[in-house]
Amino acid sequence: MRLKLNTKILMGFAIAAGVLLLTALVSFRTIRQLTIHTRSVENTYQVLQEAEELTSQVREAERRVRGYLLTNDVDYLQDYPSSEQQVEKSFVHLRQLMVDNPVQTQRLDSMRLLVRQQFRNMQTLITPQTALTPPVTRTILDTGRQTMRAIRGLFNRLKASELQLLTLRNRQQNIYETIAPITIIVSAVLAILIALWLFFKISRELTANEQLQQQLTHGNQETSRRIEIVEHLAEQVLGGDYKVKIKDKEKDSLGNLANLLNRMTQKLDESFGALENRNKELDQFAYVASHDLKAPLRGVTTIVKWIEEELSGELSPQMRQYLDMMKGRLARLEDLINGLLAYARIGRTEQKIEPVDVAELVREVTDLVVPPEFTVAVSGTLPTFLADRLSLQQVFTNLFSNAVKYHHQGAGTITVRCQETKKEYEFSVADDGPGIAAEYHEKIFLMFQTLRDRNTAESTGIGLSIVKKIIDEQKGTMRVSSEVGHGTAFIFTWPKLPSQ
């Protein structure tokens with residue numbers, strides 16, 4: 001019995017519809033299972049990512065606290081207050097993600113307690129009102145390190161468990177990923193229609209992406225051009241041109257940066273102009289001090305000499321003592337004026353760079369300022385290198401004079417040493433004098449500071465200030481090593497290459 005065409009069409013349609021319905025049901029179930037397992041895998045990835053971010057936030061908070069403790073710079077704590085809130089939010093999110101895993105939830109709760117303890121420790125360290133002794137601070141830091149190790153241990157166990165779970169879920173996901181294409185192939189017509197639709201959608205998306213890429217390229221080129229302008233301004237500022245400006249009217253971050261740089265160069269220009277005026281005033285002061293102050297000082301000194309010469313027979317012993325005291329004060333005043341002038345000229349006169357034989361320089365300074373009762377000993381060899389001879393001579397002259405002036409006996413020994421490092425020479429000038437207590441090691445480098453009574457030693461208190469300023473101008477360092485009764489050693493560094 002032959003079926004009619006319409007019947008065949010209807011039967012074919014029914015069979016096709018049945019097959020389509022059956023394949024649709026199978027596809028629905030397969031896709032549904034695939035979706036469930038895909039979400040499980042995504043959940044595991046979210047747990048891993050959130051846990052990584054959580055531990056990263058704790059480490060960042062700890063880094064900021066350590067940076068603050070090392071530098072005492074409050075900028076390190078700028079974003080610290082929000083760190084604990086962000087960490088708590090991460091814990092809440094993680095607990096929601098792992099609500100179906102009691103073992104992981106228990107680990108998370110333990111980790112949460114440790115993190116809270118770590119934040120309490122860090123808060124103790126940065127609280128200004130908390131007076132912490134160094135031992136207590138070290139104890140808190142050690143506790144923090146142990147807490148962080150415990151946190152990392154819990155994180156590693158949590159991560160390992162999630163990775164095992166991820167392997168299992170990936171395996172299940174792969175099974176349904178294999179079944180899903182088979183069911184889709186059965187629905188060929190539907191797949192073709194979907195493919196055509198996807199092709200249309202993808203074509204539109206590619207067109208939109210190409211337009212966006214062109215816009216991004218143009219924006220990057222414009223940004224690069226503006227950044228080059230900023231770099232050019234920085235180079236000009238480094239070259240000493242503080243009048244340069246950037247013409248950028250855009251209302252974005254680079255525009256704001258350009259405005260700030262313009263204001264900065266204006267401030268620099270004004271500051272250097274004021275500094276130049278101050279230098280001129282300092283020059284004028286040096287001129288007045290060297291002429292208008294020293295002239296009457298010499299006149300008073302001459303008058304004292306005339307009194308001693310012309311009235312020598314009429315002066316009582318008490319009056320002679322007063323005149324000697326006056327001469328000492330006048331000599332100290334002249335030394336003070338000369339010291340101030342020398343201090344003001346440091347760094348403001350052109351350096352004469354030449355080969356300097358330090359051993360010969362030490363012998364010359366010894367002949368000039370060290371009395372015969374003292375011995376100057378050189379331990380090891382002293383170098384010959386390019387330097388400003390006058391500046392180095394001033395350093396040794398002041399240090400030798402200081403050792404002689406403040407020696408508690410009539411004779412002593414001054415020892416000079418030198419140690420070569422990669423970029424500099426480290427010199428040491430040591431004496432066997434009375435020594436300096438530790439609480440005065442910083443004070444002695446301040447201007448007009450002296451540890452002896454001015455009536456006992458006519459000291460201006462400016463010699464070591466001159467030495468310190470010369471060393472600073474040379475980009476070197478200076479320190480003192482001394483104990484009461486064990487002499488004093490001044491250690492300073494001098495660069496092998498002359499400072500620019």
Side-chain angles (χ1 to χ4, degrees), residues 339 342-343 345-347 349 351-371 374-407 411-438 440-447 449-451 459 461-483 486-500:
Y343 189 87
R345 291 192 183 103
I346 295 173
T349 57
Q351 297 186 10
K352 183 180 179 182
I353 305 301
E354 58 183 309
V356 177
D357 186 343
V358 181
E360 180 182 350
L361 181 65
V362 168
R363 288 194 294 271
E364 293 176 0
V365 174
T366 300
D367 294 338
L368 288 174
V369 300
V370 179
F374 281 78
T375 301
V376 176
V378 176
S379 178
T381 59
L382 298 180
T384 298
F385 66 104
L386 291 176
D388 179 20
R389 181 183 181 86
L390 181 59
S391 297
L392 191 57
Q393 184 179 21
Q394 282 183 285
V395 171
F396 279 108
T397 299
N398 279 284
L399 293 179
F400 283 12
S401 299
N402 202 66
V404 172
K405 184 183 298 182
Y406 293 101
H407 205 283
T413 301
I414 301 172
T415 304
V416 181
R417 296 182 176 87
C418 179
Q419 182 177 355
E420 182 178 0
T421 62
K422 186 176 180 180
K423 295 183 178 181
E424 59 192 9
Y425 293 104
E426 183 180 83
F427 294 97
S428 170
V429 178
D431 61 54
D432 56 355
I436 303 172
Y440 300 113
H441 285 186
E442 295 296 331
K443 178 181 177 182
I444 58 176
F445 293 109
L446 301 177
M447 192 175 292
Q449 297 295 321
T450 178
L451 301 183
S459 173
I462 201 172
L464 289 178
S465 299
I466 292 175
V467 172
K468 185 68 167 60
K469 188 174 181 182
I470 292 174
I471 299 301
D472 290 341
E473 288 291 331
Q474 296 295 327
K475 304 299 186 296
T477 60
M478 186 172 188
R479 58 187 173 88
V480 60
S481 175
S482 179
E483 295 181 7
H486 294 82
T488 303
F490 290 96
I491 300 103
F492 65 92
T493 60
W494 198 280
K496 293 182 177 180
L497 298 178
S499 60
Q500 300 298 322

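Along the sequence shown, residues carry numbers from 1.
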Would you mind checking if K496 and E420 are paired as a salt bridge, meaning a charged N to carboxylate O distance below 4.0 Å? yes
Self-check item: salt_bridge(K468, D472) N-O dist < 4.0 Å
Solution: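 Yes.
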Nearest heavy-atom neighbours spanning [X] and [Y]:
X    : Y    : answer
P371 : V369 : CD-O, 3.5 Å
T415 : S379 : CG2-CB, 4.2 Å
V395 : I471 : CG2-CD1, 4.1 Å
A489 : S428 : CB-OG, 4.2 Å
V362 : L382 : CG2-CD1, 3.9 Å
P495 : F385 : O-CE1, 3.9 Å

To the nearest 0.5 Å, what is the distance between [atom1] ([X]) and [atom2] ([Y])?
X    : Y    : atom1 : atom2 : answer
N398 : K405 : CG    : NZ    : 8.5 Å
L390 : L361 : CG    : CG    : 10.0 Å
K469 : Q394 : NZ    : CD    : 11.0 Å
E364 : R389 : CD    : CZ    : 4.5 Å
I470 : E473 : CD1   : CD    : 9.0 Å
E424 : Q474 : CD    : CD    : 12.0 Å

Discussion item. Could you walk me through whether I414 and T375 satisfy the side chain to side chain contact (heavy atoms under 4.5 Å, CB included) test, starting with their C-alpha distance in whole Å, then the side-chain angles of each, then the deciding distance to 0.1 Å, before giving a yes or no?
Written reply: CA-CA 6 Å; I414 301 172; T375 301; over 6 Å; no
* Asked: For F490 and V467, what are the C-alpha separation, side-chain angles and deciding distance, and is it a side chain to side chain contact (heavy atoms under 4.5 Å, CB included)?
  -> CA-CA 10 Å; F490 290 96; V467 172; over 6 Å; no
I'd like to know if the side chain of D431 and the backbone of G487 have a donor-acceptor N/O pair within less than 3.5 Å.
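Not confirmed, D431 side chain does not pair with G487 backbone.
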With H407 as partner, the option from N402, T413, D432 fulfilling side chain to side chain donor-acceptor pair (under 3.5 Å) is D432
Taking the side chain as everything from C-beta on, heavy atoms only, tell me whether T397 gets closer than 4.5 Å to L368.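 No, every pair of side-chain atoms sits at 4.5 Å or beyond.
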Subject >> Centroid separation F396 to F492 less than 6.0 Å >> reply: yes
Check against side chain to side chain contact (heavy atoms under 4.5 Å, CB included), V370 and V365
CA-CA 8 Å; V370 179; V365 174; 5.8 Å; no
Passes side chain to side chain contact (heavy atoms under 4.5 Å, CB included), S391 versus W494? Steps please. CA-CA 11 Å; S391 297; W494 198 280; 3.9 Å; yes
